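To start, the structure itself, in structure tokens.
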Amino acid sequence: MKPTVRSIAALAGVSRGTVSRVLNNQPDVSAEVRARVLRIIEETGYRKDTRFQGAEKIHIGVIVAHWQNEYFTNSTLRGIHLAERELNTARIQLDVRRMNSRSDGEYIRVCEELLESGVRGLVLNAPDNIVIAAEIERLSKAGVVVVTYNSDLPDSTRVCHVGQDLMKSGKIAAGLMARSLSSKDRILLITGNMEFRSHRVRIDGFLEHLKTLGFPSDSYDLKECYEQYELTYDAVRQAVDAFPNLRGIYMGTEHVKACVDALAKTRRRMTVVVNDLTPVARHALKIGAVDFVVEQDFTAQVRQAILLLQKHLLYGQTVRRPIVHVQTSIVTRELL
């Protein structure tokens with residue numbers, strides 16, 4: 001069998017990006033690893049593909065959304081870093097731009113800058129609205145291949161979305177909640193900005209499964225708190241005061257700390273299910289303030305989106321699936 005970069009990487013126990021850096025005499029490879037890769041290249045008789053020598057690099061833009069919680073920013077940057085280790089760095093160059101807000105205007109401005117810089121692919125997380133959908137269509141017409149992560153725009157011209165199975169995530173949360181409650185108990189649902197599909201569909205999944213589990217349609221209250229501490233804190237305190245039978249809280253998004261702080265002021269015992277194993281959620285789980293965390297692999301979403309664009313733009317592999325789901329898992333205190 002003809003040796004390939006993939007087979008060389010497997011034999012050397014390194015990533016394909018490392019093999020690429022050795023082949024192209026680039027830095028950031030230790031002397032020991034470089035020597036091992038070169039030895040295997042010689043032993044296998046590998047010959048470098050010279051089809052792309054002298055060609056310009058393919059630029060892929062990555063837009064890092066603005067989150068108040070740095071956990072999501074850091075997870076995105078970690079995904080970019082992991083992808084870079086596997087990229088063909090001789091042919092692919094990333095252009096990473098960090099947002100300072102969540103405004104549609106800034107999204108469009110950054111997209112325009114990336115288009116002018118010559119990107120051929122774009123990875124972004126954005127609200128699902130007609131303004132951003134129109135911008136993606138404009139980019140597509142200009143020849144830019146768009147892949148979304150975390151929050152999808154299914155009616156846009158993006159070629160693929162990499163993210164959590166949101167319906168499943170919401171259903172998992174409802175199933176966990178129902179194990180501790182009866183159909184006579186009341187549940188508070190906290191979500192962020194319903195303009196983000198990731199916020200909206202989780203709630204849909206939760207409510208759909210809650211109904212199948214025998215809970216009446218008036219057994220819950222839904223509050224859109226825009227991931228704001230004060231709004232979330234007030235929503236929890238008001239619900240506790242208003243409903244003596246409130247027994248469960250589903251945090252479909254942030255702000256978990258506000259929920260924990262509000263409950264600490266009461267003597268009521270709640271079953272609390274949250275999304276994402278952030279440092280705050282991890283601590284709350286550890287001290288028993290939260291019962292379950294429904295975790296998505298945020299880092300994997302970004303990594304896979306970038307590598308998918310490399311396969312499509314550099315190697316001509318067709319994007320066959322419009323949606324790629326990462327793993328969803330359940331975390332309890334005992335698993336920490």
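Since the model is a prediction, treat every value here as computed from it, not as a measurement.
- For the pair Asp95 (side chain) and Leu114 (backbone), a donor-acceptor distance under 3.5 Å is absent.
- Side-chain contact between Val319 and Val147 is absent, with no heavy-atom pair separated by less than 4.5 Å.
- A donor-acceptor pair under 3.5 Å is absent between the side-chain atoms of Arg158 and the main chain of Val123, judged by distance alone.
- Between Ser198 and Asp128 the shortest side-chain heavy-atom distance does not fall below 4.5 Å.
- Residues Ile330 and Met167 are members of separate hydrophobic clusters, defined by side-chain heavy-atom contacts under 4.5 angstrom among Ile, Leu, Val, Met, Phe, Trp and Tyr.
- Side chain of Gln301 to main chain of Val326: no donor-acceptor pair is present (N/O by atom type, distance under 3.5 Å, no hydrogens or angles).
- Look at Arg109 and Glu112 and you find no salt bridge, because none of the NZ, NE, NH1 or NH2 atoms lies under 4.0 Å from a carboxylate O.
- Side-chain heavy atoms closer than 4.5 Å link hydrophobic residues (I, L, V, M, F, W, Y) into clusters, and following such links, possibly through other members, connects Val256 to Val293.
- For the atom pair CG of Leu181 and CG of Leu213, the computed distance is 11.0 Å after rounding to the nearest 0.5 Å.
- Screening Ile92, Leu94, Val162 for a side chain to side chain contact (heavy atoms under 4.5 Å, CB included) with Ile306, the sole residue that qualifies is Leu94.
- Asn275 and Ser169 form a side-chain donor-acceptor contact under 3.5 Å, judged by distance and modelled atom types alone.
- Residue pairs meeting the ring-ring contact (aromatic ring centres under 6.0 Å, His included) criterion with at least one member in residues 270-304, sequence neighbours excluded: Trp67-Phe298, Phe72-Phe298.
- A donor atom on one side chain and an acceptor atom on the other are found under 3.5 Å apart for Asn129 and Glu195.
- Ion pairing between Glu42 and Arg39 fails under the 4.0 Å rule for side-chain N and carboxylate O.
- For the residue pair Leu122 and Val62, the shortest heavy atom distance occurs at CD1-N, 4.4 Å.
- In this structure, the side chain of His312 engages the main chain of Gln317 through a donor-acceptor pair within 3.5 Å.
- When all heavy atoms are compared, the tightest approach of Arg97 to Val110 is CB-CG1, 3.8 Å.
- Using a cut-off of 4.0 Å between Lys/Arg side-chain N and Asp/Glu carboxylate O, Asp261 and Lys257 are scored as salt-bridged.
- Between the side chain of Arg268 and the backbone N or O of Asp241, no donor-acceptor pair lies under 3.5 Å.
- Although no hydrogens or angles enter the test, the distance criterion places no donor-acceptor pair under 3.5 Å between the side chain of Tyr107 and the main chain of Ser101.
- In this structure a side-chain-to-backbone donor-acceptor pair under 3.5 Å is missing from Thr191 to Glu224.
- Between Val274 and Asp291 there is no side-chain heavy-atom pair separated by less than 4.5 Å.
- Considering all non-hydrogen atoms of both residues, Gly214 and Ser183 come closest at O-CB, 3.6 Å.
- In this structure, Val273 is a member of the same hydrophobic cluster as Leu189, with clusters built from ILVMFWY side-chain heavy atoms closer than 4.5 Å.
- Linking ILVMFWY residues whenever their side-chain heavy atoms come closer than 4.5 Å, directly or via other members, leaves Leu277 and Val302 in distinct clusters.
- From Lys171, atom NZ reaches atom OG1 of Thr328 across 12.5 Å, with rounding to the nearest 0.5 Å.
- Formation of a donor-acceptor pair under 3.5 Å by the Arg85 side chain with backbone atoms of His81 is not found in this model.
- Dense packing is recorded around OH of Tyr233, with more than 12 heavy atoms of other residues, nucleotides or ligands lying under 6.0 Å away.
- Taken from CD1 in Ile63 to SG in Cys111, the straight-line distance is 4.0 Å, to the nearest 0.5 Å.
- In terms of heavy atoms, Pro127 sits closest to Asp104 at CG-OD1, 3.8 Å.
- Within the 4.5 Å cutoff, side-chain heavy atoms of Gln296 are placed close to those of Asn150.
- The shortest distance between side-chain heavy atoms of Arg197 and Leu166 falls below 4.5 Å.
- The shortest distance between side-chain heavy atoms of Tyr71 and Val280 does not fall below 4.5 Å.
- The closest donor-acceptor contact from the side chain of Thr44 to the backbone of Ile40 lies under 3.5 Å.
- Inspection of the Gln68 and Glu254 side chains reveals no N or O donor paired with an N or O acceptor under 3.5 Å.
- Among Ile60, Thr157, Leu115, the single residue meeting the side chain to side chain contact (heavy atoms under 4.5 Å, CB included) criterion with Val144 is Leu115.
- By the criterion of side-chain heavy atoms lying less than 4.5 angstrom apart, applied directly or through intervening Ile, Leu, Val, Met, Phe, Trp or Tyr residues, Leu246 is grouped together with Ile190 in one hydrophobic cluster.
- One distance of note links CG of Leu222 with CE of Met194; it measures 5.5 Å at 0.5 Å rounding.
- Annotation: side chain of Cys160 is in contact with side chain of Val324 (closest heavy-atom distance under 4.5 Å).
- Across every non-hydrogen atom of Leu188 and Ala235, the tightest pair is CD2-O, 3.9 Å.
- In plain terms, the two heavy atoms of Ser151 and Asn125 that are nearest each other are N-OD1, 3.0 Å.
- From Ser219, atom OG reaches atom CG of Leu210 across 5.0 Å, with rounding to the nearest 0.5 Å.
- With contacts defined as side-chain heavy-atom distances shorter than 4.5 Å, the pair Ile130/Asp155 does not qualify.
- One finds no salt bridge joining Glu295 and Arg282 here, because no Lys/Arg side-chain nitrogen approaches an Asp/Glu carboxylate oxygen to under 4.0 Å.
- Arg247 places no side-chain N or O within 3.5 Å of a backbone atom of Asp185 that could act as its donor or acceptor partner.
- The line from OH of Tyr226 to CG of Asn193 is 6.0 Å long, rounded to the nearest 0.5 Å.
- Under the ring-ring contact (aromatic ring centres under 6.0 Å, His included) criterion, the residue pairs touching residues 255-281 are Tyr229-His255, with sequence neighbours excluded.
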